[in-house]
Amino acid sequence: MQPALGYIHWDVSPFIYEGEHFAIGWYGTLWVLGLVGLLITLLVTFRHDGVPQQYAFLTFIITLVSAIFLAHLFQGLFYEWYIGADGHCHNYYFEHPLLFLDITHGGFSSHGVIVGALLAGVVSAKFLRCGVWYIVDRIMMGLFWIAVAVRVGNFINGEIYGIETSLPWGVVFGDDAYPSHPTQIYELLTYLLVMAIGWGMYLHKGKPYPAGLITGVMCSVVALLRILIEFVKLPQMRIEATWMLNMGQWLSVPMAIFGIWLCFYVLEKGTVVVAADKKKKQNKK
């Protein structure tokens, strides 16, 4: 069956360069660019707040390790299920536990990246001796550069897209016979919107928002929009076919609840934590 006419036909090589002995892929390259965006965000915000730049690099390294590990862990825990010959559900990573430590095998869960950011904030706050939410807010502002880069990579590779559509912006991926929702683009635009909200809150004039509010708003908005987008995304596992909500939606529900709870919690607490305040106090001693 020939692919549908009149739609965008996407069939691009996943490699920027493919040689005899090594290859450079779009996905990995974009991951690196996303990490650069995270580092620049930390450097800019820490400098703006009067925090020594070495703490930005330290926070970046902690976030890098935490986000990659948690993203890979979530991938294995939640996205590697399949129906075996016996008719029961099995998890490929549970059957091969060492794969949890092998980040070169399998993918990365975006929900795991966000959980990794929260963990990184807790660890980094110990070194900076400041509030956890101060650090997490700034990590979250930069973290979505990775999310944007990854979805661009998914689009280039023609993976993780949506169900069939007759909408004019439908995309025919590879050898498919029909146009599909480019859910990678939907999520990319969602992440750009969430970043704009976060930066807008950070740069607004007037009294600073309570520490943690940026994280709460970003988490709740991205989770709620992700739940909606997942309705037009193809299931990533066969076992999801009969579920009321797919795995991405089930993981987004607690994230949305957490984000909304955090907004109310920090607004009620009303604490503004700025690392620069602590630095000024130290300089006076």
Side-chain angles (χ1 to χ4, degrees), residues 1-37 71-72 75 78-83 92 104-113 144-196 221-243 245-249 251-252:
M1 187 175 181
Q2 293 297 318
L5 300 176
Y7 293 95
I8 299 172
H9 290 248
W10 190 262
D11 189 11
V12 176
S13 170
F15 299 102
I16 300 174
Y17 170 79
E18 187 175 12
E20 183 178 352
H21 302 292
F22 77 97
I24 301 175
W26 284 106
Y27 187 86
T29 302
L30 287 162
W31 245 99
V32 173
L33 291 177
L35 291 172
V36 171
H72 187 64
Q75 178 70 26
F78 299 109
Y79 287 101
E80 296 296 335
W81 293 90
Y82 68 95
I83 301 175
Y92 187 70
T104 64
H105 183 280
F108 298 93
S109 165
S110 56
H111 294 88
V113 172
F144 281 90
W145 283 117
I146 301 175
V148 168
V150 165
R151 286 301 177 249
V152 172
N154 292 147
F155 183 82
I156 291 175
N157 291 350
E159 58 191 9
I160 315 181
Y161 50 87
I163 61 177
E164 182 177 357
T165 181
S166 60
L167 294 171
W169 56 80
V171 178
V172 180
F173 291 99
D175 297 327
D176 283 359
Y178 55 83
S180 303
H181 281 282
T183 50
Q184 315 98 319
I185 302 301
Y186 300 168
E187 291 187 38
L188 183 155
L189 294 175
T190 295
Y191 300 148
L192 289 175
L193 170 64
V194 170
M195 277 204 304
V221 171
V222 76
L224 292 172
L225 291 177
R226 177 73 181 268
I227 290 172
L228 295 177
I229 293 171
E230 292 284 342
F231 280 114
V232 295
K233 183 185 289 187
L234 284 172
Q236 297 186 51
M237 301 179 292
R238 285 180 55 197
I239 63 173
E240 297 176 283
T242 58
W243 293 4
L245 300 176
N246 63 28
M247 185 62 76
Q249 289 170 314
L251 292 176
S252 295

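For reference, positions follow the sequence shown, starting with 1.
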Could you please spell out the steps behind the side chain to side chain contact (heavy atoms under 4.5 Å, CB included) verdict for Tyr79 and His111? CA-CA 11 Å; Tyr79 287 101; His111 294 88; 4.2 Å; yes

Run the numbers on Val150 and Leu30 for side chain to side chain contact (heavy atoms under 4.5 Å, CB included), then give the verdict. CA-CA 6 Å; Val150 165; Leu30 287 162; over 6 Å; no

Assess whether side chain to side chain contact (heavy atoms under 4.5 Å, CB included) is satisfied between Ile8 and Trp169, documenting all intermediate values. CA-CA 7 Å; Ile8 299 172; Trp169 56 80; 5.8 Å; no

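Taking the side chain to side chain donor-acceptor pair (under 3.5 Å) definition, one finds that Thr183 meets it with nothing, sequence neighbours left out. Among residues two or more places apart in sequence or in another chain, the side chain to side chain donor-acceptor pair (under 3.5 Å) test is passed with Trp31 by Tyr27. Every residue was checked against the side chain to side chain donor-acceptor pair (under 3.5 Å) condition with Gln184, not counting sequence neighbours, and none meets it.
For the pair Ile163 and Phe231, the tightest heavy-atom approach, listed with the atom from each and the gap, is CD1-O, 4.3 Å. In terms of heavy atoms, Ala23 sits closest to Phe15 at CB-CD2, 3.6 Å.
Checked against the 6.0 Å centroid criterion, the rings of Tyr7 and Tyr178 do not qualify as a close aromatic pair.
A donor-acceptor pair shorter than 3.5 Å cannot be found between the side chains of Arg151 and Thr190.
Formation of a donor-acceptor pair under 3.5 Å by the Glu230 side chain with backbone atoms of Ile227 is not found in this model. With hydrogens and angles disregarded, a donor-acceptor distance shorter than 3.5 Å links the side chain of Glu240 to the backbone of Met247.
Put simply, the side chain of Pro14 does not reach to within 4.5 Å of the side chain of Glu159, judged on heavy atoms. Counting only heavy atoms from C-beta outward, the side chains of His181 and Lys233 never approach each other to under 4.5 Å.
Within a 6.0 Å sphere centred on CH2 of Trp81, heavy atoms belonging to other residues, nucleotides or ligands number more than 12.
Put simply, CD1 on Ile156 and CD1 on Ile16 are 7.5 Å apart, with the number rounded to the nearest 0.5 Å.
Relative ring orientation between Phe155 and Phe173 is described as perpendicular, the plane-to-plane angle rising above 60° on a 0-90° scale split at 30° and 60°.
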